[in-house]
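Since the structure is predicted, the reported quantities are computational estimates derived from the model, not experimental observations.
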Amino acid sequence: MLDDEQRMSELLSSFKNRMHISHSSEDAYLRDILRASFEDIVSKCGQFNLESNYRGRELVMERSRYVYNDAVEYFNDNFLSQIHSFGINNLPDEVDEDVSK
């Protein structure tokens with residue numbers, strides 16, 4: 001299992017490959033974008049593992065792309081069905097009895 005810093009480094013590398021970014025001068029900025037995007041998706045869809053959950057990882061990458069291109073205000077509308085689908089599929093298997101009452 002990877003620690004948080006290793007996970008972020010792998011995510012950063014994947015994001016830079018996707019965006020065709022070969023320099024490292026923006027790495028700190030990109031890490032901040034990726035962390036904020038992960039937190040945003042978690043707040044909408046629940047906790048998930050970046051290593052093993054491809055759909056969640058894709059949403060983080062796409063939101064990060066929108067942020068990087070100064071268009072984050074369009075992300076929610078453009079990915080609404082994917083966000084809803086992922087959130088529903090990401091629900092815990094068991095619901096706490098106190099919550100359902």
Side-chain angles (χ1 to χ4, degrees):
M1 185 113 169
L2 299 174
D3 66 23
D4 286 340
E5 194 55 40
Q6 288 172 315
R7 257 192 302 274
M8 187 52 60
S9 291
E10 286 188 4
L11 187 61
L12 176 63
S13 178
S14 295
F15 184 71
K16 287 173 68 173
N17 284 336
R18 176 179 286 195
M19 299 295 293
H20 305 285
I21 299 171
S22 58
H23 57 83
S24 60
S25 62
E26 292 182 296
D27 282 4
Y29 172 63
L30 296 175
R31 282 177 193 270
D32 288 344
I33 288 174
L34 290 163
R35 279 191 185 98
S37 292
F38 176 70
E39 288 176 15
D40 181 71
I41 300 302
V42 165
S43 75
K44 289 177 172 74
C45 302
Q47 197 62 245
F48 63 94
N49 186 324
L50 277 170
E51 294 170 52
S52 61
N53 194 308
Y54 180 77
R55 292 179 72 199
R57 184 180 178 99
E58 279 300 302
L59 284 171
V60 170
M61 298 278 271
E62 289 298 329
R63 184 183 183 282
S64 297
R65 179 174 63 88
Y66 274 67
V67 172
Y68 185 75
N69 289 310
D70 295 323
V72 72
E73 65 270 17
Y74 303 111
F75 172 76
N76 289 333
D77 289 339
N78 291 345
F79 284 87
L80 189 61
S81 64
Q82 291 92 331
I83 292 167
H84 284 167
S85 175
F86 178 58
I88 290 168
N89 289 326
N90 199 41
L91 287 172
D93 292 333
E94 297 178 15
V95 176
D96 188 350
E97 287 183 28
D98 292 335
V99 173
S100 62
K101 289 183 182 179

Heavy atoms, side chains only, cut-off 4.5 Å: are Arg31 and Ser9 in contact? yes
query: Taking the side chain from Asn53 and the backbone from Phe48, do they hold a donor-acceptor pair closer than 3.5 Å?
result: no
Residues Phe86 and Gly56: closest non-hydrogen pair is CZ-CA, 3.5 Å
Within the structure provided, determine whether Tyr54 and Glu58 are in side-chain contact (heavy-atom separation under 4.5 Å). yes
Residue set satisfying side chain to side chain contact (heavy atoms under 4.5 Å, CB included) with Lys16, at least two apart, ordered chain then number -> Leu12, Ile21, Ser24, Asp27, Leu30
Inset, instruction - For the pair Arg63 and Glu39, find out whether any cationic side-chain nitrogen is under 4.0 Å from an anionic carboxylate oxygen. - result: no
CZ (Phe79) and CD1 (Ile83) are apart, to the nearest 0.5 Å, by 8.0 Å
Value for CG (Leu11) from CZ (Arg18), rounded to nearest 0.5 Å, stands at 9.5 Å
CD of Gln82 to NE2 of His84, rounded to nearest 0.5 Å, is 10.5 Å
Output for pair (Phe38 CZ, Met61 CE), nearest 0.5 Å, gives 13.5 Å
Contacts of Arg55 meeting side-chain hydrogen bond (donor to acceptor under 3.5 Å, both in side chains) (sequence neighbours excluded), chain-then-number -> Ser85
Under 3.5 Å, side chain of Ser14 to main-chain N/O of Glu10, donor-acceptor pair present? yes
In this structure, OG of Ser64 is separated from CD1 of Ile33 (nearest 0.5 Å) by 6.5 Å
Between Ser37 and Val60, the two heavy atoms sitting closest are CB-O, 3.7 Å
Name the atoms and distances for all side-chain donor-acceptor pairs under 3.5 Å in residues 66-76, with sequence neighbours left out.
residue, atom, partner, partner atom, Å
Tyr66, OH, Asn78, ND2, 3.0
Tyr68, OH, Glu26, OE1, 2.9
Asn69, ND2, Arg65, O, 3.1

